Amino acid sequence: MQQKRYSEMSEYELKQEIAKLNEKARKAEQMGMVNEFAVLERKAAMAKSYLLNPEDFKQGEIYQIEGDPGAYFKINYLNGVFAWGYRLSGTGKEEALPISMLKKLE
């Protein structure tokens with residue numbers, strides 16, 4: 001059976017998927033499967049992005065990166081649920097992050 005894309009899922013289906021991915025990630029972490037844990041965590045972040053409105057994220061603004069204390073990301077532009085930009089503490093190299101990983105500065 002073909003897996004539905006996150007963009008095609010309802011809010012309910014996305015929340016079910018996120019719960020399933022979080023549970024699998026928890027098990028992978030318990031078993032010391034670091035790579036598997038990272039992949040599942042990233043998939044959950046992707047799914048969460050589809051529950052958010054990309055219009056709430058503004059070009060040129062700086063956001064904190066979820067799960068990376070003290071790391072900040074400046075958005076150059078958005079493409080779907082991805083924010084393209086760079087880490088302020090990084091090399092200035094452009095990268096894309098799912099919008100669910102960005103937290104508005106308080």
Side-chain angles (χ1 to χ4, degrees):
M1 188 183 110
Q2 179 65 31
Q3 174 76 25
K4 244 185 179 179
R5 299 168 73 161
Y6 294 148
S7 60
E8 299 166 343
M9 290 183 180
S10 68
E11 182 179 342
Y12 175 78
E13 289 171 314
L14 283 165
K15 288 179 176 174
Q16 295 289 103
E17 179 71 7
I18 292 163
K20 191 171 71 182
L21 290 166
N22 286 339
E23 178 61 22
K24 283 183 178 177
R26 192 182 60 75
K27 286 180 180 163
E29 187 178 35
Q30 285 175 340
M31 292 167 53
M33 298 163 66
V34 182
N35 291 342
E36 181 73 6
F37 173 73
V39 167
L40 291 164
E41 210 175 37
R42 185 63 99 159
K43 280 184 174 180
M46 277 291 306
K48 284 177 193 163
S49 294
Y50 285 94
L51 294 172
L52 302 172
N53 183 353
E55 290 174 18
D56 294 340
F57 297 84
K58 303 291 179 221
Q59 188 173 331
E61 283 191 13
I62 294 169
Y63 294 82
Q64 193 168 350
I65 300 174
E66 193 77 54
D68 195 351
Y72 299 94
F73 188 82
K74 184 172 183 178
I75 297 177
N76 289 338
Y77 66 95
L78 285 120
N79 186 353
V81 296
F82 282 97
W84 286 83
Y86 58 93
R87 293 171 194 256
L88 296 186
S89 60
T91 60
K93 188 172 149 294
E94 190 176 59
E95 65 176 301
L97 292 178
I99 57 176
S100 68
M101 291 182 68
L102 302 179
K103 211 166 72 183
K104 206 153 188 51
L105 296 177
E106 301 298 310

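Being a predicted model, the structure only gives us computed values, none of them experimental. Reckoned from all heavy atoms, side chains included, excluding hydrogens, waters and symmetry mates.
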Next item on the list: Check whether any side-chain N or O of Ser89 sits under 3.5 Å from a backbone N or O of Ala71 as a donor-acceptor pair, and report yes or no.
Entry: no
Check: Charged N to carboxylate O below 4.0 Å: is that the case for Glu61 and Lys104?
Finding: yes
Note to self: According to a hydrophobic-cluster definition based on side-chain heavy atoms being under 4.5 Å apart (Ile, Leu, Val, Met, Phe, Trp, Tyr only), do Val39 and Met101 belong together?
What the structure shows: no
Margin query: Please find the pair of heavy atoms, one from Pro98 and one from Ser49, that lie closest to each other, and give the distance.
Written below: CB-OG, 3.2 Å
Check: What are the two closest non-hydrogen atoms of Gln64 and Leu105, and how far apart are they?
Finding: N-CD2, 3.8 Å
Note to self: What's the separation between atom CG in Asp68 and atom NZ in Lys103, rounded to the nearest 0.5 Å?
What the structure shows: 11.0 Å
Next item on the list: Might you work through the side-chain contact (heavy atoms from CB on, under 4.5 Å) test for Tyr86 and Lys93, ending with a clear yes or no?
Entry: CA-CA 6 Å; Tyr86 58 93; Lys93 188 172 149 294; over 6 Å; no
Item checked: From CG (Leu51) to CD1 (Ile99), nearest 0.5 Å -> 9.5 Å
Next item on the list: Quick one: closest heavy-atom pair of Glu94 and Tyr77, and the distance?
Entry: OE2-CE2, 3.4 Å
Check: Counting N and O atoms only, with roles assigned by atom type, does the side chain of Lys58 sit under 3.5 Å from a partner on the main chain of Glu55, one being a donor and the other an acceptor?
Finding: yes
Note to self: Starting from Trp84, can I reach Tyr72 by hopping between I/L/V/M/F/W/Y residues whose side chains sit under 4.5 Å apart?
What the structure shows: no
Note to self: How long is the straight-line distance from CG of Asn22 back to NZ of Lys48, given to the nearest 0.5 Å?
What the structure shows: 5.0 Å
Check: Side chains of Met31 and Phe37: does their closest heavy-atom pair fall under 4.5 Å?
Finding: no
Item checked: Glu17/Met46 under side-chain contact (heavy atoms from CB on, under 4.5 Å): CA gap, chis, key distance, verdict -> CA-CA 11 Å; Glu17 179 71 7; Met46 277 291 306; over 6 Å; no
Checklist line | Closest non-hydrogen atom pair between Ile18 and Ala44, with its separation | finding: CG1-O, 4.2 Å
Check: Ala28 and Leu40: which non-hydrogen atoms are nearest, and at how many Å?
Finding: CB-CD1, 4.3 Å
Next item on the list: For Asp56, look at atom CG and say whether over 12 heavy atoms of other residues, nucleotides or ligands are found less than 6.0 Å away.
Entry: yes
Margin query: Working to the nearest 0.5 angstrom, can you tell me the gap between Ile62 CD1 and Leu88 CG?
Written below: 4.5 Å
Item checked: Contact summary for Ala83 and Leu102, nearest pair of heavy atoms -> CB-CD1, 3.6 Å
Checklist line | CD-CE distance between Gln16 and Met9, expressed to the nearest 0.5 angstrom | finding: 10.5 Å
Item checked: Side-chain donor or acceptor of Gln59 paired with backbone N/O of Asn76 under 3.5 Å -> yes
Check: Does the distance from a Lys or Arg side-chain N to an Asp or Glu carboxylate O, for Lys20 and Glu23, drop under 4.0 Å?
Finding: no
Check: Under 30°, 30 to 60°, or over 60°: which ring-plane class applies to Tyr63 and Phe57, parallel, tilted or perpendicular?
Finding: tilted
Check: Should the heavy atoms of other residues, nucleotides or ligands under 6.0 Å from CD of Glu8 be counted, would the total exceed 12?
Finding: yes
Notebook entry, point to check: Roughly how far, to the nearest 0.5 Å, is CZ of Arg5 from OH of Tyr50?
Noted result: 7.0 Å
